[in-house]
Amino acid sequence: MPLSEMPLSEMPQSGMPELPETETIARDLDAEVRGAVVSQVEVQRADVLREATAAEFIASVTHATITRVWRRAKLVVIDLLTRGGVAQEGARNERVQHLVVQPRFTGGLLIAGEPLAATDAAYVCMSCTLADGRHLHYKDVRRLGTVALMTAERFEAYQSALGPEPLDARLTDPMFSGLIRASKQPVKVALMDQKRLAGVGNIYANEALWHAGIDPSREARSLSDTEATTLLLKLREVLTASIAARGTSFRDYRDARGERGRFVEQLVAYGRAGLACVRCERRLVGTHAIDGRGTVFCATCQR
DNA sequence: AGGGGAACCCGTACGC
DNA sequence: TGCGTACGGGTTCCCC
């Protein structure tokens, strides 16, 4: 099977795409479609669109060039060079726009060289036909995911309201300590606050707190500088390892080399309530009391 | 201001 | 067996 016929990303089996999964999707997509030209756009399910009507969306994206696909937070960002409205006196009037894809739970981007199987086709919300005949589809079973079309200015305003990237070297230990300790929320909630720090969701918050030996329910402002520094270090290790493993547990997921997201094998907390802590062998505690979400931690070695 | 709660959506699990 | 209903999940928006 040619690479172009393989799905690049599928739905997560549990949890949603967080930073490592979104990074994997964006890297794969960038390698496949950077430089491609969109020849036709179809909107099958307009309710996933944001910030533009279907007509505006089609008018802007048709004939656009995909210049880059990358990740910010849990978003796949598709940079477009579009024909911007009416050209003046024959002058070039190209402008940068962004397709901002938020897969949430069941959203996914697929590249396909052939018509989709009926089971996939039923859930396609938006399709771009590329000039070489391939299709870039956004598929979403539950349709809580979104596809927004933003001008460069709008995107800048939107993304600048998000917190820093945890893997960005410009985020220093003192900066992280300051932003996490400014919150009186439980530290797990503060870690997942996208305005404070971008890209961390339930899976990696649970994992990082276990590795750092910090009780998820503690007030974030109660952390010492040293604990905050340890937390950032462990968070970075977990995210980096997961990206290397191409993310956590995608159902039916296969990358271009036919491999699955393998980080599920390295999970020590998430999904392991009631099982033995791999550090102290006591039973891990599962609770929904902190933020209404599933939290798993070791009451013995997380303090 | 910042925090709480509803809305968004539908497959899955569960009750009768 | 079949139908109905509750639930989950992150983000946004509204309200207090």
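Letters A, B, ... are given to chains in the order of the sequence lines, protein chains preceding strands, and every chain is numbered from 1.
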* To do: For A:Phe105 and B:dA7, give me the distance from atom CZ to atom C1', rounded to whole Å.
  => 12 Å
* Could you state the CD-P distance from A:Gln194 to C:dT12, rounded to the nearest angstrom? -> 9 Å
* Rounded distance in Å - CD1 (A:Ile290) to P (B:dG3) -> 16 Å
* Asked: Within this structure, what is the NE2-to-C1' distance between A:His288 and C:dC7, rounded to whole angstrom?
  -> 11 Å
* Taking CZ from A:Arg45 and C1' from B:dC10, how many angstroms apart are they, rounded to a whole number? -> 10 Å
Please report, to 0.1 Å, the donor-acceptor pairs under 3.5 Å made by any side chain of residues 193-206 of chain A, with sequence neighbours excluded.
unit_1   : atom_1 : unit_2   : atom_2 : d
A:Asp193 : OD1    : A:Lys195 : N      : 3.0
A:Gln194 : OE1    : A:Gly199 : N      : 2.8
A:Gln194 : NE2    : A:Met192 : O      : 3.0
A:Gln194 : NE2    : A:Val200 : O      : 3.0
A:Arg196 : NH1    : A:Leu179 : O      : 2.8
A:Asn202 : OD1    : A:Lys188 : NZ     : 2.7
A:Asn202 : OD1    : A:Asn206 : ND2    : 3.4
A:Asn202 : ND2    : A:Gly294 : O      : 3.0
A:Tyr204 : OH     : A:Glu21  : OE2    : 2.6
A:Tyr204 : OH     : A:Ser242 : OG     : 2.7
A:Tyr204 : OH     : A:Thr248 : OG1    : 2.7
A:Asn206 : OD1    : A:Val296 : N      : 3.0
A:Asn206 : ND2    : A:Asn202 : O      : 2.9
A:Asn206 : ND2    : A:Gly294 : O      : 3.4

* Those residues that, when tested against A:His211, pass ring pair (Phe, Tyr, Trp, His ring centres under 6.0 Å) (two or more places apart) -> none
* Nearest listed nucleotide, side chain of A:Gln185, among B:dG3, B:dG11, B:dC9 -> B:dG3
* Could you please name the option among C:dT11, B:dG3, B:dG11 that lies closest to any side-chain atom of A:Lys184? => B:dG3
* Structure fact -> Heavy-atom closest pair (A:Thr151 atom, A:Arg154 atom, distance to 0.1 Å) is OG1-N, 3.0 Å
* To do: Grab the CZ-C1' distance between A:Arg143 and C:dT11 for me, whole Å please.
  => 17 Å
* Among the nucleotides B:dG11, B:dG3, C:dT12, which one has an atom lying closest to any side-chain atom of A:Tyr123? -> B:dG11
* Structure fact -> In whole angstroms, the gap separating P of C:dG8 from OH of A:Tyr270 amounts to 13 Å
* Asked: Is atom CZ of A:Arg283 surrounded by more than 12 heavy atoms (other residues, nucleotides or ligands) closer than 6.0 Å?
  -> no
* Nearest to side-chain heavy atoms of A:Leu144, which nucleotide of B:dG3, B:dC8, B:dC10 -> B:dC8
* Structure fact -> In whole angstroms, the gap separating P of C:dT11 from CG of A:Leu162 amounts to 9 Å
* Asked: Between A:Arg142 and B:dG11, is there a side-chain N or O to OP1/OP2 distance below 4.0 Å?
  -> no
